[in-house]
Amino acid sequence: MTEAADAEISPREAEVLGLVGDHLSNAEIAARLCISIRTVESHVSSLLRKLEVPDRRALARRAPVRGGAAPDRAAAVLPAPLTSFIGRARERSELAALLKEHRQVTAVGPGGVGKTRLALAVAAEAAGAYPDGVWFADLVPVTDSGMIAAAVAGALGLGEQPGRDLADSVAAALADRDALVVLDNCEHVLDGVAPFLERLLATCPRLTVLATSRARLMVPFERVYPVPPLSLDAGGDSDAVALFMERAAAVGRPLDAALRGEIAAVCARLDGMALAIELAAARCPTLGLDGITAALSHPLRMLTGGSRADERHRSVRAALDWSHALLEPADRALLRRVSVFAAPFTVAAAAEVAGVEDGLAADGLARLAEQSLLVVAAAPDGTEYRALETIRQYAAERLAEAGEPGEVRSRHLRWCLARAAGLEVARPDWRVRFDQVADDLRAALAWAAEQPERRADAFGLARRLAELAFTRNLTGESQRRFEQAAALAAGPAESAAMLRQAAAVAGCRAAGDDMYRLRLAAASAARDAGDLAGAAVDLATAATMAFRYWATFVRIPSREEALALLTDARKAAAGDRTTRSSGDPAAQASGATATPAGGSPGALAAVALAEAAVVADAFGAVQGPADNVAVPETIARAERAVELAARTGDPLAESAALDALTCAHIWAGDTFAAAARSRRRVTLLSSLPPSPAVTHELIDALGMVTEATLGAGDMPDACRWARQLDGHPSLAEVGHRAPLMVDALAGNVEEVLAGSVRLLDAWRRAGSPARAHLGPAVAAVAMVHGLRDDHDAQRGWREILDRLDVSAERAHGYAAVFDGMLLLHRGQARDALERMAPEASEVWKWVSWIWHHWYVALRTEAVVLAGDPDARRHVTEARVAVAGNPVAEALVARAAAVLDGDRDALLATADAFDAAGCPYQSARTLLLAGGEHAGRGTAAFAALGLAPKAVSLW
């Protein structure tokens with residue numbers, strides 16, 4: 001980092017840079033600094049330019065070490081040990097050497113041998129060899145294999161990507177990273193770790209994984225390193241003795257060096273097991289070495305048979321038995337009862353779950369910590385305690401032997417239910433508070449789900465956890481929890497309701513196949529409950545989804561399949577309990593009057609919408625006809641769907657129907673009607689309380705209204721909707737394409753540069769997929785870099801565009817507009833006209849609907865500036881084509897002024913552009929006017945961050 005760059009970085013930017021270096025997401029940085037996500041994006045964009053680095057990953061490497069200078073490599077993200085690491089020089093060297101030679105090493109050994117501390121020490125020392133960082137994921141709180149990816153994603157600071165589960169997100173994020181990941185305590189989820197790790201190593205060729213486990217992982221790339229006990233061979237100078245003396249001094253007075261021989265004998269009795277030695281050392285101030293020696297002569301120590309590893313494990317158990325026996329009965333009870341906590345806990349939590357008063361719990365926890373049976377740490381809400389995993393498992397066994405698991409876990413379940421109910425998402429710290437209890441909620445749910453008498457509580461906790469996970473943007477877990485709640489529901493009606501929620505979450509995840517499957521499952525449950533109207537809605541909705549959201553499916557349902565569902569939906573709506581009759585489903589569904597006259601309003605509205613979607617192909621699905629030639633029928637069906645949906649009083653149903661009508665107007669080429677229907681959708685949805693279904697519909701509506709108002713030239717509204725869309729919490733990590741398109745055409749350069757950082761980061765974390773829907777945003781960013789004369793950046797974004805989209809929509813729609821605008825900016829009118837060679841009437845309206853007016857207006861300007869002899873006819877026709885679009889009207893008026901040589905008329909368009917919210921075109925007008933106006937135009941371009949071109953016509 002240069003001194004100049006240092007001088008340019010503001011204090012706030014320095015804070016953001018430090019948090020980027022800590023691998024926090026934009027949303028997490030915003031929460032930490034109490035600023036908006038957009039402000040974070042602006043700071044990140046500014047830092048990229050000032051430090052001259054290409055992306056966020058490179059930026060993280062330039063972040064300063066806390067209290068030091070900027071490193072050349074990413075910092076290690078490892079937990080800070082609470083005590084010093086003693087000895088093990090040989091083991092550290094051997095394990096480090098294995099990591100250099102093998103991509104996956106598992107440190108294997110019994111509980112208490114010191115696997116975690118050794119792994120952390122080696123990872124910290126090896127950090128410099130991994131340019132993209134060292135990461136640590138603790139799997140202790142993971143209660144089921146399905147949460148392994150979530151734990152690793154959390155360690156990496158990853159959020160969920162629409163259309164991609166967390167395992168995919170982790171693999172994508174690490175795909176090109178030269179990094180080390182430490183997976184700690186894998187033994188209890190081996191069935192999940194093995195396939196996850198095998199997949200990760202296969203897709204991430206430069207990734208190294210260091211795992212710790214009591215058993216090997218059995219994956220193809222694995223190299224096992226057996227972790228030995230602490231060395232005893234050096235007698236009084238061994239690692240084991242050094243550990244004993246250091247830990248004993250920490251809880252009392254330093255021991256006399258003359259006692260090393262006796263200490264060595266104690267350590268030998270404990271087989272050099274690190275945990276056992278630490279437990280014994282904690283007793284030294286009260287028992288003395290002679291007392292410890294006498295205690296270790298207990299018959300528990302006299303065990304024979306089995307492998308050496310088993311004996312070592314027995315030595316830890318013996319030490320635990322011994323430490324446990326020395327506890328007062330109340331402290332024993334407290335230790336075994338707090339073993340149900342999956343995460344660190346407070347005194348108040350321990351008191352409630354253990355069934356004791358707060359004061360007694362505080363005293364007992366302090367005594368347990370003094371004996372090294374609990375680890376104590378300061379937390380924002382006060383002191384927290386936790387047990388090392390080996391001790392927690394031991395205490396859980398004692399809990400079972402005492403016959404208390406049901407009673408204590410029931411109290412833990414009640415505590416979790418209360419914590420879950422008390423999490424107010426409106427509080428600014430709710431995210432942190434949820435993270436603190438989430439592992440316990442999951443553990444309590446896992447237990448309760450297996451207890452028939454706790455089924456109702458398990459259902460309630462699963463549903464609440466699903467809701468909280470959704471708000472926390474853990475959409476994959478949210479869907480799983482709603483499905484779990486459906487399985488735990490008391491009856492099919494409740495099950496159907498949970499399945500619908502799960503389907504809505506799947507929609508937010510852009511997981512079309514899941515959305516479809518879950519709606520069909522909801523229909524089946526509704527039938528079982530005798531709710532034919534509900535079943536009709538579910539079946540019709542599934543049919544609609546197949547067409548409305550076809551791009552989110554892996555296996556796209558065929559038109560015949562959707563028509564069959566529509567037939568079933570009609571029968572259910574009419575109260576017909578029979579199965580589908582034989583015959584041609586397409587013929588049954590094609591009649592315009594097929595919707596039954598009777599039935600519930602909701603069912604009739606859902607069926608009508610499905611007819612508009614499937615029969616008339618309002619949404620332009622890939623499994624529909626290549627072109628919609630029956631536009632009047634499409635509009636009629638969509639209007640009928642809107643009419644029936646309005647009668648239900650359900651804003652979600654009406655919004656979905658309005659979406660069909662919006663698309664029908666697009667088929668008809670009615671830009672302004674499409675924009676009006678889109679506005680109506682957002683108005684309906686904006687006042688609704690958040691839920692998965694509302695979120696799914698609202699995001700879709702905001703995206704549509706942003707694009708529709710952009711197509712109509714209403715830039716102030718388009719910018720307003722874009723900001724609302726960009727600021728939606730569910731898009732905090734991935735953003736949306738529409739705001740970039742709006743800002744690029746308006747000339748809001750800083751907004752484009754800031755948003756492009758998030759777009760690029762999200763796309764790379766998703767595995768750089770070929771998603772054509774991102775094409776317009778990428779083309780917009782490329783154009784802005786071209787306007788700035790940043791040719792390298794423009795080339796990079798165009799390469800991305802080539803990977804995303806080679807469709808007709810790119811060739812004749814959005815890309816033609818962005819390319820034409822850039823060529824005109826550079827004064828290359830003939831090239832611009834060649835790029836937009838087809839007349840607007842020759843371009844398929846489904847391709848160009850957002851861009852139609854922009855295409856017509858920019859093409860008209862190119863015709864005039866290129867000196868086309870037929871320019872006047874083009875201007876006349878263009879005035880008619882773009883009437884009502886303020887930006888396009890001003891563009892055509894400017895072209896006419898140039899054609900007429902009327903500078904006053906030309907300058908009048910500058911005011912029109914300003915009023916329409918297009919500062920770029922206003923500045924371009926001044927530059928075209930030349931003379932004394934050129935200076936103002938140059939200054940306006942500079943203020944926008946653009947490179948002006950000498951294109952004056954006077």
### Task
May I have the step-by-step check of salt bridge (Lys or Arg N to Asp or Glu O under 4.0 Å) for R548 and D700, ending in yes or no?
CA-CA 11 Å; R548 187 182 180 193; D700 182 80; 3.4 Å; yes
### Task
Give the C-alpha distance, both sets of side-chain angles, the deciding distance and a yes or no for ring-ring contact (aromatic ring centres under 6.0 Å, His included) between W550 and Y516.
CA-CA 10 Å; W550 64 268; Y516 187 73; over 10 Å; no
### Message
Using side-chain hydrogen bond (donor to acceptor under 3.5 Å, both in side chains), reason through T709 and R679 one step at a time and then give a plain yes or no.
### Response
CA-CA 8 Å; T709 50; R679 292 188 185 96; 5.6 Å; no
### Task
Apply side chain to side chain contact (heavy atoms under 4.5 Å, CB included) to the pair L566 and V607, showing each step before the final yes or no.
CA-CA 7 Å; L566 178 54; V607 169; 4.0 Å; yes
### Intermediate values then yes/no, side-chain hydrogen bond (donor to acceptor under 3.5 Å, both in side chains), E751 and N748
CA-CA 6 Å; E751 299 286 356; N748 300 324; over 6 Å; no
### Task
Determine, step by step, whether R788 and Q794 satisfy the side-chain hydrogen bond (donor to acceptor under 3.5 Å, both in side chains) criterion, reporting the C-alpha distance in whole Å, the side-chain angles of both residues, the deciding distance to 0.1 Å, and the verdict.
CA-CA 9 Å; R788 298 177 70 242; Q794 182 193 9; over 6 Å; no
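Aromatic ring centres of W849 and Y855 lie farther apart than the 6.0 Å criterion allows. Ring to ring, F941 and Y920 are close: their centroids are under 6.0 angstrom apart.
Surrounding CZ of R798 are at most 12 heavy atoms belonging to other residues, nucleotides or ligands under 6.0 Å away.
Remark: side-chain polar atoms of R894 are not paired, donor with acceptor, to backbone N or O of L906 under 3.5 angstrom. A side-chain donor-acceptor contact under 3.5 Å links D617 to the backbone of A621. E707 places no side-chain N or O within 3.5 Å of a backbone atom of A738 that could act as its donor or acceptor partner. Looking only at distances, a side-chain donor or acceptor of R810 sits under 3.5 Å from a matching main-chain atom of D805. Judged purely by atom type and a 3.5 angstrom limit, R859 uses its side chain to pair as donor or acceptor with the backbone of A837. With hydrogens and angles disregarded, no donor-acceptor distance shorter than 3.5 Å links the side chain of W854 to the backbone of V887. Under the 3.5 Å distance criterion, the side-chain polar atoms of R903 are matched with a main-chain donor or acceptor of A929. In this structure, S655 contributes its side chain and P651 its backbone to no donor-acceptor pair below 3.5 Å. Put simply, the side chain of R509 never gets that close to the backbone of M515: no donor and acceptor are under 3.5 Å apart.
When only modelled atom types and interatomic distance are considered, Y814 and D819 share no side-chain donor-acceptor pair under 3.5 Å. No hydrogens or angles considered: nothing links the side chains of Q623 and S558 as a donor-acceptor pair under 3.5 Å.
Using a cutoff of 4.0 Å between basic side-chain nitrogens and carboxylate oxygens, R830 and E834 are not scored as salt-bridged. A salt bridge does not link E799 to R795: none of the charged nitrogens lies less than 4.0 Å from a carboxylate oxygen.
The only option from V642, V614, V615 that meets the side chain to side chain contact (heavy atoms under 4.5 Å, CB included) definition with R637 turns out to be V615.
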